[in-house]
2 protein chains.
Amino acid sequence: MPAIPRYYQAKTRLLDLVNELPDNTPFPPERELSDVFGMSRTTIRKALDELVLEGRLIRGAGRQGTAVAPRKQVHRIGLDALVQDLAAREQVVVRTSGAQDVINVESVLVRRDEPVGVRSTCLRASRFPGFAERYDGTTPLRQFLSDAYEIRFGDVHPWCTTALATPRVARLLDVRPATPLLSVAWLGHDLRGAPVERSWVVLRGDRAHLTMQGLRLSAPARP
Amino acid sequence: MPAIPRYYQAKTRLLDLVNELPDNTPFPPERELSDVFGMSRTTIRKALDELVLEGRLIRGAGRQGTAVAPRKQVHRIGLDALVQDLAAREQVVVRTSGAQDVINVESVLVRRDEPVGVRSTCLRASRFPGFAERYDGTTPLRQFLSDAYEIRFGDVHPWCTTALATPRVARLLDVRPATPLLSVAWLGHDLRGAPVERSWVVLRGDRAHLTMQGLRLSAPARP
DNA sequence: CAGTGGTCTAGACCACTCT
DNA sequence: GAGTGGTCTAGACCACTGG
């Protein structure tokens with residue numbers, strides 16, 4: 001392995017170029033960069049791939065070509081809003097899987113007409129009879145469950161990690177498959193501790209930051 | 001673009017193979033897969049790359065080859081422990097940049113002898129005179145600042161997103177550059193609201209989940 | 001139609017590790 | 001030494017988009 005791979009040298013030079021150009025400036029075609037840099041197009045593409053993953057470049061289909069990504073407008077999305085299902089949604093879909101006693105509610109989170117995340121909640125169908133018919137898809141889910149089924153929710157302990165976009169999620173979020181995403185999941189229990197919901201959210205890290213405003217810190221341990 | 005790229009067909013078939021094999025089973029060499037699947041090694045590698053990113057395969061140098069990744073031992077790391085600097089650390093380094101009045105404290109988070117994250121905190125040098133000489137590197141940072149400089153911390157509002165491993169971080173975490181990571185950042189203020197610390201943690205998503213136990217949920221909005 | 005990015009091929013050389 | 005993954009090359013065809 002070379003000490004510094006050529007694709008990484010290319011990436012560094014291309015990054016300098018990106019930093020000099022204004023937003024949305026068309027970027028040189030891959031074949032031209034390949035020629036100018038004296039590297040194969042494959043090597044140039046590997047460098048460009050990482051810059052795209054980092055959100056510095058945007059690639060369009062056909063004659064559109066590559067362009068300098070506009071300074072990313074990062075939307076701050078609160079963990080509270082995710083759990084309470086208060087974020088702006090689109091394409092809310094309710095699916096039922098009778099054999100497995102599972103109801104799935106899926107929605108696309110939207111900010112400024114851009115898809116930034118996917119929210120998916122699973123419920124036990126036997127606990128929520130008639131859910132698919134009664135749920136209108138606009139009320140925040142927890143509020144609906146409270147109102148229609150008298151559920152009282154207890155604390156949640158969400159956990160957070162990274163995930164790669166499946167082809168399906170990639171289509172919903174307008175990214176390429178295998179794009180890294182931020183994943184947040186939690187189990188919702190009622191006040192007696194019985195599980196009620198299992199939820200999962202993925203967010204585009206380049207479009208949204210997850211904020212945690214309600215964090216209670218423990219007092220520092222003292223001897 | 002083909003409806004289904006060949007590399008994705010390969011990935012699907014390879015994933016089936018991974019699921020059938022026990023942990024740590026040596027995987028067929030790329031050239032053999034290329035031959036058996038009737039695809040070029042480049043295409044096979046693109047499929048393998050994604051399986052490696054997803055933590056299903058592990059690639060070793062030289063004659064080691066590729067192997068089925070052991071079922072991932074995911075360590076649950078609390079947000080509280082990150083902020084309070086209570087997680088197990090190694091290689092604690094204090095750097096000072098006199099010209100910019102900045103002290104940087106960097107440490108590698110460790111679980112079961114595996115690096116799972118990097119923690120980095122910046123402090124104003126002028127506010128903490130003699131820090132580099134006084135800090136022993138073992139006391140949790142917030143506790144030390146409390147004890148040695150009488151700092152009393154207020155609430156924090158951390159935010160969370162994804163990031164790509166820089167070559168430097170990649171070396172610390174034993175991953176390849178551009179591996180997607182989970183990023184957590186926060187600003188620490190004292191009780192008067194003055195900023196005290198700026199901290200940043202990156203975690204290997206395949207090794208660690210960030211848990212948020214202290215989440216206070218707002219009451220659902222009611223009309 | 002021309003040019004773009006997306007995919008794919010069939011080679012090649014290198015550094016590394018195991019036997 | 002043999003075989004592995006990591007990198008790189010010089011081509012090729014395709015789907016798509018803009019003028």
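Here is the naming used below: chain letters follow the sequence lines, and residue numbers restart at 1 for every chain.
Atom CD1 in B:Ile4 sits about 16 Å away from atom C1' in D:dA15, given to the nearest Å. Protein atom CG of B:Asp49 is 11 Å distant from nucleotide atom C1' of D:dG5, rounded to whole Å.
Within residues 56-64 of chain A, the residues approaching DNA chain C are A:Arg59, A:Gly60, A:Gly62, A:Arg63, by heavy-atom distance under 4.0 Å. Residues of residues 29-45 of chain A that place a heavy atom closer than 4.0 Å to DNA chain D, in numerical order, are A:Arg31, A:Gly38, A:Met39, A:Ser40, A:Arg41, A:Thr42, A:Thr43. Remark: nothing in residues 7-14 of chain A comes within less than 4.0 Å of DNA chain C through any heavy atom.
Every residue was checked against the side chain to side chain donor-acceptor pair (under 3.5 Å) condition with A:Trp159, not counting sequence neighbours, and none meets it. When the side chain to side chain donor-acceptor pair (under 3.5 Å) test is applied to B:Glu50, the partners found at least two apart in sequence or on another chain are B:Lys11. For A:Ala67, there are no side-chain contact (heavy atoms from CB on, under 4.5 Å) partners two or more places apart in sequence or in a different chain. In terms of the side chain to side chain donor-acceptor pair (under 3.5 Å) criterion, residue partners of A:Arg45 (sequence neighbours excluded) are, by chain and number, A:Glu30. In this structure A:Phe144 satisfies the ring pair (Phe, Tyr, Trp, His ring centres under 6.0 Å) test together with A:Phe131, A:Tyr135, sequence neighbours excluded. Contacts of A:Asn19 classified as side chain to side chain donor-acceptor pair (under 3.5 Å), with partners at least two apart in sequence or in another chain: A:Arg56. Residues passing the side-chain contact (heavy atoms from CB on, under 4.5 Å) test with B:Arg76, sequence neighbours excluded: B:Thr211.
Among residues at least two apart or in separate chains, salt bridge (Lys or Arg N to Asp or Glu O under 4.0 Å) pairs with a member in residues 15-29 of chain A are A:Asp23-A:Arg71.
Look at A:Thr66 and you'll find a side-chain N or O under 4.0 angstrom from OP1 or OP2 of C:dG5. Of the side-chain N and O atoms in B:Lys46, one or more sit less than 4.0 angstrom from OP1 or OP2 of C:dT7.
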Identify each donor-acceptor pair in which a side-chain atom of residues 102-111 of chain A lies under 3.5 Å from a protein atom, sequence neighbours left out, and give them as a table.
{"from": "A:Asn104", "atom 1": "OD1", "to": "A:Arg95", "atom 2": "NH1", "distance (Å)": "3.2"}
{"from": "A:Asn104", "atom 1": "ND2", "to": "A:Ser120", "atom 2": "OG", "distance (Å)": "2.9"}
{"from": "A:Asn104", "atom 1": "ND2", "to": "A:Thr121", "atom 2": "O", "distance (Å)": "3.3"}
{"from": "A:Glu106", "atom 1": "OE1", "to": "A:Arg95", "atom 2": "NH2", "distance (Å)": "3.3"}
{"from": "A:Glu106", "atom 1": "OE1", "to": "A:Arg168", "atom 2": "NH2", "distance (Å)": "2.4"}
{"from": "A:Glu106", "atom 1": "OE2", "to": "A:Arg168", "atom 2": "NH2", "distance (Å)": "2.5"}

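The main-chain N or O of B:Gly205 is found under 3.5 Å from a side-chain atom of A:Thr161 such that the two form a donor-acceptor pair.
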